[in-house]
Amino acid sequence: MNGTVVRLTALGMLGGRRVWLLAALALLLVAIAVLARVLVPVTEAEAATLLQGVTFATFLPLLGLVVGTGAIAPEIDDGSIVHLLAKPVSRHAIVQSKLAVAVGALLVFAVVPTVVAAAVLGLGPRAVLAFGVGALAAGAVYGVLFLLLSILTRHAVIIGLVYALLWESLVGSFVPGARNLSVQQWALSVTGSIAPPGLVTSDVGTGLALALVVGGFAAATWYAGHRLRLLTLASAE
């Protein structure tokens, strides 16, 4: 990683309106948990179902989209990425540095609120930990996928919204054959492997889910660096 890239990415991502949007989404998730706990008494199973439906199907894809695209898309859109690419810095190091900031932001604005919401809903310590780990797994994969998408196309936000709202929220939740390709289902499998038995379920086996999370994250990170190198050649031309 490169310290300068990390610092500049953090300043760009967490400055202006983006940080307020992230904070608003995080607070909304906690607020939903508070309202559910106060207005409608729920069992632990019902609380887990509510949390996985709200967090994994909606909030995590949206937060991942805001953070993943925010890590590099603004620089590509305004052309300032050329100045960074002109420096003698490995393209893979640039991607890894930006991704480190993205994952850190997701830890603060996605994982921590998920843990707080789980605790507010009355889940036990083991379940709270499970949801935290699952949220981190999903957030990391979403972050790198949307960062890669920003390098591949200038329409990353639009495509990402379609993916988040249609595929993850609808297809990945309700179409059995598509669930193996849903980040949501991978994260739920990881969550279910830590949570008390039967509390969280997924159509994807734990071993496969872990392989897809780790392998997908590593492959997308490498390919993003590779595509960024090609972007340098395109800019030079």
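Numbering starts at 1 and runs along the sequence shown. Predicted model only: the values in this text are computed from it and were never measured.
Using a 4.5 Å heavy-atom threshold, the side chains of Q96 and S90 count as separate. No side-chain heavy atom of F109 sits less than 4.5 Å from a side-chain heavy atom of L27. The closest side-chain heavy-atom distance from V183 to Y142 is below 4.5 Å. Looking at heavy atoms from C-beta onward, L149 lies in side-chain contact with I159 at the 4.5 angstrom threshold. Put simply, the side chain of L51 does not reach to within 4.5 Å of the side chain of F56, judged on heavy atoms. Side-chain contact between F131 and T55 is absent, with no heavy atoms from C-beta onward closer than 4.5 Å. Put simply, the side chain of L22 reaches to within 4.5 Å of the side chain of V67, judged on heavy atoms. A 4.5 Å side-chain heavy-atom check between Q52 and V200 finds at least one atom pair inside the cut-off.
One N or O on the side chain of T221 and one on the backbone of F217 form a donor-acceptor pair closer than 3.5 Å. With hydrogens and angles ignored, the 3.5 Å screen pairs no side-chain donor or acceptor of E44 with any backbone N or O of G122. Checking side-chain atoms of T114 against main-chain N and O of G132 turns up no donor-acceptor pair under 3.5 Å. Remark: the backbone N or O of A73 is not paired with any side-chain donor or acceptor of R154 at under 3.5 angstrom. Put simply, the side chain of S97 never gets that close to the backbone of V5: no donor and acceptor are under 3.5 Å apart. Put simply, the side chain of R227 never gets that close to the backbone of I151: no donor and acceptor are under 3.5 Å apart. A donor-acceptor contact shorter than 3.5 Å links the side chain of S193 to the backbone of V190. E46 places a side-chain N or O within 3.5 Å of a backbone atom of T43 that can act as its donor or acceptor partner. Under a 3.5 Å cut-off, the side chain of R91 and the backbone N or O of L85 do form a donor-acceptor pair.
Of all heavy-atom pairs spanning G53 and A57, the tightest one is O-CB, 3.1 Å. Scanning both residues, G143 and L106, for their nearest heavy atoms gives CA-CD1, 4.2 Å. In terms of heavy atoms, V213 sits closest to A137 at CG1-CB, 4.2 Å. The minimum heavy-atom distance between A71 and L147, with the atom names listed, is CB-CD1, 3.9 Å. Closest approach of T69 to A156, counting heavy atoms only: CG2-CB, 4.1 Å. I76 and S150 make their closest contact through CD1-O, 3.5 Å (heavy atoms, listed as atom of the first residue, atom of the second, distance).
Taking Ile, Leu, Val, Met, Phe, Trp and Tyr as hydrophobic and joining them when side-chain heavy atoms fall under 4.5 Å apart, one finds L152 in a cluster with L148, W222, Y223.
By the side chain to side chain contact (heavy atoms under 4.5 Å, CB included) test, I194 pairs with L129, A130, V133, sequence neighbours left out. Taking the side-chain hydrogen bond (donor to acceptor under 3.5 Å, both in side chains) definition, one finds that H92 meets it with nothing, sequence neighbours left out.
L210 and V141 fall into different hydrophobic clusters, where Ile, Leu, Val, Met, Phe, Trp and Tyr residues are linked whenever their side-chain heavy atoms come under 4.5 Å apart, directly or through other members. The hydrophobic clustering, which links ILVMFWY residues whose side-chain heavy atoms are closer than 4.5 Å, places I94 and L11 apart. Cluster annotation: V214 and V95 are assigned to distinct hydrophobic clusters (Ile/Leu/Val/Met/Phe/Trp/Tyr, side-chain heavy-atom contacts under 4.5 Å, transitive). Taken together through direct or relayed side-chain contacts under 4.5 Å among Ile, Leu, Val, Met, Phe, Trp and Tyr, L161 and L63 form part of one hydrophobic cluster. Residue I158 is not grouped with residue L21 when hydrophobic side chains (ILVMFWY) are merged at heavy-atom distances under 4.5 angstrom, including chains of intermediate members.
Atom OG of S189 is separated from atom CG of D203 by 9.5 Å, given to the nearest 0.5 angstrom. With rounding to the nearest 0.5 angstrom, the CG atom of L65 is 12.5 Å from the CG atom of L60.
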Would you sort out whether L208 and L212 count as a side-chain contact (heavy atoms from CB on, under 4.5 Å), showing the intermediate values? CA-CA 6 Å; L208 177 60; L212 289 170; 3.8 Å; yes

